[in-house]
Amino acid sequence: MSWGKVLQREFYNRDPITVAKELLGKVLVRETPEGVTAGVVVETEAYLAQGDPANHAFRGMTSRNKSMFGPPGHAYVYRIHQVCCLNVVTEPEGVPSAVLIRALMPIEGIEMMRERLGRFDSLPTTGPGKLCKAMAIDLSLDGWDLTLGEQLWVVEGNEPVEFAESDIAVTTRIGVTAAKDLPLRFFLKRQPFVNFVSHRGDRRR
DNA sequence: ACGGGGATCGGCT
DNA sequence: GCCGATCCCCGTA
């Protein structure tokens, strides 16, 4: 009932750029008493422990970002502008780095996602805030251990979307004001569920 | 198609 | 007090 091999600690215990790229094509699963929602990860961003002023942990540990300082493979969920965003924590405990999940291709529970959004949306998981609302991911999941295979986790998924290394696009990150020139956003080309905002470096669909 | 603005909240200075 | 790792709506075209 865990939808295949649950990604374990070693997967996350690497640098955030590697994890951000390898997360593409994996499946994020969310289970609540209401049911299961799941989607293929198609867009991510890396936030580095060193030299990255856009990282919430750039100026040290606070009550908000403490999950990033914990062991890899846990969630870092924070709130911004009325919505939550989901990150996975990378690298060893004490090294504050993470990968932001920005978009999914839904493969399970798309109707439930739309109910949670409160409207019909043909793309209910484009954007980090929207996908959290669609999957009922909130601050109570901050620090959650993603390797347990309960409530919130990531599976190998047996490659539900086929792509090659050359299908991965790399651009600067969306919405950040600091370190806006670092090429740390990764997404699958020709994937309609990738966040559709006009952004330097994006390709027309 | 694109851009501007407002909503409204927790975390930090 | 201020300011976002956002989203949606509503102008203009």
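Lettering of chains follows the sequences in order, A, B, ..., and the numbering in each one begins at 1.
Across all strands shown, B:dT8 remains unpaired; no Watson-Crick or G-U wobble contact has both distances below 3.5 Å. A 3.5 Å limit on both hydrogen-bonding distances identifies no Watson-Crick or G-U partner for C:dA5.
Protein atom CZ of A:R79 is 15 Å distant from nucleotide atom P of C:dA5, rounded to whole Å. Following rounding to the nearest Å, A:R64 (CZ) and C:dA5 (C1') show an atom-to-atom distance of 9 Å. If you take NZ of A:K180 and P of C:dG4, they are 12 Å apart, rounded to a whole angstrom. The CD atom of A:Q82 sits 11 Å away from the C1' atom of C:dC8 (whole-angstrom rounding). Put simply, NZ on A:K130 is 13 Å from C1' on C:dC9, counting in whole angstrom units. As a whole-Å value, the separation of A:D138 CG from B:dG10 C1' is 14 Å. Taking atom CG on A:L131 and atom C1' on C:dA5, their separation rounds to 13 Å, with Å as the unit. In this entry the distance linking CD1 of A:I80 with C1' of B:dT8 reads 12 Å, nearest Å.
A:D145 and A:R9 are joined by a salt bridge, as a carboxylate oxygen and a charged side-chain nitrogen come within less than 4.0 angstrom of each other. Under a 4.0 Å N-O distance rule, the pair A:E156/A:K26 qualifies as a salt bridge. Salt bridge present: A:D121 and A:K130 bring a charged side-chain N and a carboxylate O closer than 4.0 Å.
Stacking between A:Y47 and C:dA5 is present: the aromatic ring centre lies within less than 5.5 angstrom of the base six-membered ring centre, and the two planes differ by under 30 degrees.
No contact: A:E45 has no heavy atom under 4.0 Å from any strand. Using a 4.0 Å heavy-atom criterion, one finds that A:M61 contacts no nucleic acid atom at all.
Distances shorter than 4.0 Å separate none of the side-chain N or O atoms of A:H81 from OP1 or OP2 on B:dA7. For B:dT13, the OP1/OP2 oxygens have no side-chain nitrogen or oxygen of A:R59 closer than 4.0 Å.
Checked against A:V154 for a side-chain contact (heavy atoms from CB on, under 4.5 Å), the options A:L23, A:V27, A:V29 give a single hit: A:L23.
Across every non-hydrogen atom of A:L28 and A:M135, the tightest pair is O-CE, 3.8 Å.
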